[in-house]
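Take a look at the structure below.
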Amino acid sequence: MNRRISLCLILFTSLIYTIISCAPASLFSDYWDKIEPPEFERTTSPDEDSPDAVIVFDLERMLVDLHEWDIVRERHVRIQIFTEAGKEWADVRIPFWHDHIVSEIKAQTILPDGRRIKLEQDDIFEEGTEKKLRYKVFALPGVEDQCIIEYQYKYRTTSLGVVQPKYFQDYLRTEYSKFSMTLPQGFEYNATTRNLPRDYSQPEEIEYDSPYAKNLRRFTWEFYDLAPIKDEPYMYNREDHLFSINMQLVRFVNQYNDITFIEEWEDLNKIVLEEYDSYFRNSGPLEKLLTEIKPLDPAQGIQPRDVFLFVRDELTRSSSYSIWPDPMHDVIKHRQGSRVEKNLLLTALLRQAGFQADPVLIARRSYGKLSLSSPNLNNFNHVIVRLTEGEKLSLLDAGFPYSTYTLMPSDNYSGVGLLVAEGDAMFIQFPTATQPSKRDVLTSCKLHDSGSLTGSFQIKSTGFYASRLRAIYAEIEDAEKFAYDELVDHIPGIIVDSVHLELNLEDMQKSVLSTVHFQIPEYFTPGTDMIYLPTTFFQGFQTNELVSEDRTHAIEFNFAMRLQEIVNLELPPGYEVMEAPKPSSISGPGIFFQKQVKSTGKMVQFIWKHQLVEILQPAEKYKQIRHFYTEAVAADQGVLVIKRKDS
């Protein structure tokens with residue numbers, strides 16, 4: 001054989017070997033590609049709560065690799081699809097932090113006739129933001145009704161101190177779920193559980209040796225037939241209602257090492273203090289920055305509110321959502337910081353100005369409830385500031401551009417936080433609700449013989465209503481579009497004639513005032529002796545969002561509020577009120593609604609009031625609250641009947 005042919009054969013053989021070796025091997029060889037006969041015998045979903053698809057199984061195993069000093073998680077999911085709507089589950093997004101590794105992705109579609117359509121590696125893409133959360137994204141090929149899709153992947157991270165929780169439930173019925181955790185000898189862990197199923201049992205534990213390591217311990221959780229958890233109205237965080245296990249590695253001890261990850265809350269506090277150290281040990285840049293702050297009252301000098309406004313307004317907010325900050329020097333240099341970095345800088349500046357301030361770790365309401373049973377860094381996603389002035393304690397958040405000195409974003413009021421300070425770990429309790437946010441509307445309008453309605457809304461918004469309007473207007477920056485999109489979008493057929501806004505960006509504690517002059521050309525059919533008119537104008541109940549008969553988790557409203565509208569309606573000449581809805585007064589647990597209609601000659605006045613005091617309601621009160629909204633919606637559907645006087 002000549003040398004050229006020999007070399008070509010060697011290269012060809014090497015290429016074939018490379019192609020074969022690049023193809024992902026099966027991580028779960030006992031399950032991959034193996035279909036049980038019953039799976040293809042059914043043509044419809046066995047669960048009415050999961051009609052479009054079911055998770056046949058969800059397998060995951062986690063192990064700590066001592067050689068690489070990292071955590072490896074391997075997962076294999078199989079889903080059977082029954083309907084067109086179920087095909088959405090063939091679009092897969094695997095989230096991972098930018099410095100973690102997702103590899104060995106393998107996926108295929110198994111058709112009812114037994115054919116396999118494999119996912120090509122070139123059809124796997126990566127999305128997300130650099131140095132932040134990213135996604136591996138792919139779509140299973142050849143998906144059709146009654147097919148089965150399955151995919152698997154490996155996830156690797158060096159973050160031993162932060163273990164991502166395991167969620168056992170999904171939007172679909174999970175017929176079988178198995179999770180195992182393997183630890184080398186010497187590792188200790190804590191685990192807290194949420195929303196346990198009735199058949200929950202402690203994990204099976206076995207000790208064994210492998211070809212690569214001795215004295216391994218494996219803990220295995222195994223469950224069958226887990227119900228789907230759907231999104232429901234007034235559910236602040238769906239993950240709070242999923243059956244889950246939160247794990248935390250505590251210690252590693254052998255003949256050479258004695259390493260504590262997080263055993264006590266003091267360990268967690270120490271880790272956070274070390275990460276935040278640059279904000280509390282360098283006073284030079286802070287002293288220089290303080291000279292830029294102009295006090296609102298020069299006679300008093302710099303006050304906490306002055307520092308708050310400076311940090312909120314003078315530093316651009318970055319889009320990072322990590323609780324781990326960049327060094328303070330970089331934040332000051334670039335005049336830009338994440339919400340956490342801005343609040344750490346606020347804390348440092350307040351201290352430099354002589355005030356007592358401390359950072360507080362919290363879990364925002366949308367992130368999930370904070371578990372106090374065992375320390376876990378995964379529980380937190382934000383930092384706010386506690387300011388102490390004598391006996392007065394205040395909580396501040398300069399990380400959001402429309403926060404005020406006295407009002408944090410509503411999502412922050414989660415009720416408990418961990419004070420980041422030297423010494424024993426200390427939790428602070430704070431309210432889950434503030435004073436009611438208010439919206440008062442004065443509606444002046446006139447009916448015309450032509451069938452049109454003309455008038456104006458004068459709207460006064462305070463608290464969270466005001467901050468929301470400011471935030472939305474900052475995105476739109478067009479008064480007419482703002483009025484159509486945000487103020488009157490719920491009113492059919494309305495035409496905005498003019499808009500006047502007073503948003504007061506200099507003092508965001510003040511109310512937002514909005515005046516909208518409008519017309520509705522086809523409000524009623526003209527030329528009839530009897531006219532039926534709705535009795536809702538700017539505010540009103542349209543439907544009851546609480547449609548489920550029962551509910552197993554709490555009702556969580558956004559914030560306490562008080563809404564009121566007074567409508568003064570002028571009738572067309574020659575018309576009078578024939579029939580009006582009776583006064584309504586409806587109460588529920590921490591909730592109230594009242595409506596009155598008064599007629600005085602050619603004028604009709606509507607008074608509409610709705611108040612919510614208690615924002616967190618247990619599931620036991622669900623039926624009462626559902627009944628309240630059913631009655632309130634019915635009362636609001638009442639009509640006003642007017643007729644010609646000479647008819």
Side-chain angles (χ1 to χ4, degrees), residues 22-62 73-96 102-125 135-155 166-180 197 220-231 242-243:
C22 287
S26 294
L27 299 174
F28 294 79
S29 57
D30 290 344
Y31 289 89
W32 180 260
D33 209 32
K34 295 180 175 61
I35 301 296
E36 298 294 329
E39 292 177 18
F40 271 141
E41 290 175 0
R42 55 191 184 186
T43 57
T44 58
S45 171
D47 184 357
E48 63 179 12
D49 292 330
S50 186
D52 303 311
V54 296
I55 298 172
V56 179
F57 59 70
D58 184 349
L59 314 174
E60 186 173 358
R61 55 194 180 210
M62 183 187 101
R73 296 178 77 148
E74 297 173 343
R75 191 176 180 207
H76 182 186
V77 179
R78 177 177 289 170
I79 299 173
Q80 187 166 10
I81 294 171
F82 298 101
T83 68
E84 184 68 26
K87 293 179 183 178
E88 68 172 306
W89 292 94
D91 296 324
V92 180
R93 294 171 64 85
I94 303 170
F96 65 100
V102 173
S103 63
E104 300 184 40
I105 297 174
K106 186 176 180 180
Q108 68 175 349
T109 301
I110 306 174
L111 300 177
D113 61 9
R115 284 179 295 148
R116 268 71 167 163
I117 306 175
K118 299 187 182 301
L119 175 73
E120 299 293 336
Q121 294 298 298
D122 289 344
D123 292 331
I124 301 172
F125 305 96
Y135 299 87
K136 293 287 187 181
V137 181
F138 55 90
L140 273 294
V143 175
E144 61 182 54
D145 291 358
Q146 282 85 56
C147 75
I148 286 174
I149 61 172
E150 60 181 351
Y151 60 91
Q152 56 181 228
Y153 60 90
K154 180 180 287 188
Y155 192 118
K166 170 62 181 177
Y167 293 101
F168 289 88
Q169 287 174 292
D170 210 314
Y171 288 97
L172 303 178
R173 171 76 58 176
T174 302
E175 297 184 305
Y176 176 60
S177 183
K178 182 178 181 181
F179 175 73
S180 66
T220 302
W221 291 262
E222 194 172 20
F223 302 98
Y224 294 87
D225 199 30
L226 295 171
I229 301 295
K230 307 290 186 180
D231 291 320
L242 302 177
F243 166 38

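Put simply, NZ on K87 and CD1 on I149 are 11.5 Å apart, with the number rounded to the nearest 0.5 Å. A distance of 11.5 Å separates OG in S103 from OH in Y155, rounded to the nearest 0.5 Å. Atom CG of L111 sits about 9.0 Å away from atom CZ of R116, to the nearest 0.5 Å. Note that CD1 of I229 is 12.0 Å distant from CG of L172, once rounded to the nearest 0.5 Å.
Annotation: side chain of E222 is in contact with side chain of Y176 (closest heavy-atom distance under 4.5 Å). Counting heavy atoms from C-beta outward, F138 and D123 have side chains that stay 4.5 Å or more apart. Proximity of F82 to P46: side-chain heavy atoms (C-beta onward) are separated by under 4.5 Å at one or more points. The shortest side-chain heavy-atom distance between W221 and E60 does not fall under the 4.5 Å cut-off. In this structure, the side chains of E175 and R78 stay at 4.5 Å or more apart for every pair of heavy atoms. Considering only heavy atoms from C-beta on, R61 comes within 4.5 Å of L27 through its side chain. Using a 4.5 Å heavy-atom threshold, the side chains of L140 and W89 count as separate.
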Verdict with reasoning, M62 to F179, per side chain to side chain contact (heavy atoms under 4.5 Å, CB included): CA-CA 8 Å; M62 183 187 101; F179 175 73; 4.1 Å; yes

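There is no side-chain donor-acceptor pair under 3.5 Å between K178 and T220.
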Please list, one pair per line, the donor and acceptor atoms closer than 3.5 Å that link side chains of residues 49-59 to other protein atoms, with sequence neighbours excluded.
{"residue": "S50", "atom": "OG", "partner": "A53", "partner atom": "O", "Å": "2.5"}
{"residue": "S50", "atom": "OG", "partner": "R173", "partner atom": "N", "Å": "3.1"}
{"residue": "D52", "atom": "OD1", "partner": "T83", "partner atom": "OG1", "Å": "2.7"}
{"residue": "D58", "atom": "OD1", "partner": "R75", "partner atom": "NE", "Å": "3.1"}
{"residue": "D58", "atom": "OD2", "partner": "R75", "partner atom": "NH2", "Å": "2.8"}

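Nearest heavy-atom pair, W32 versus Q152, reported as atom, atom and distance to 0.1 Å: CE3-NE2, 3.4 Å. Minimum heavy-atom separation, P95 to R93: CD-O, 3.5 Å. Closest approach of H76 to F28, counting heavy atoms only: CB-CD1, 3.3 Å. Here the closest non-hydrogen pair linking P112 and D145 is CG-O, 4.0 Å. Listed here is the closest heavy atom pair of Y151 and A107: CB-CB, 3.7 Å. Among all heavy-atom pairs drawn from C147 and T109, the shortest one is SG-CG2, 4.0 Å.
Between the side chain of Q169 and the main chain of F243, a donor-acceptor pair closer than 3.5 Å is present.
The side-chain hydrogen bond (donor to acceptor under 3.5 Å, both in side chains) check on Q108 picks up D33, K118, E150, with sequence neighbours excluded.
Taking the six-membered ring where the residue is Trp, F223 and F168 present perpendicular rings, their angle passing 60° and hence far from 30°.
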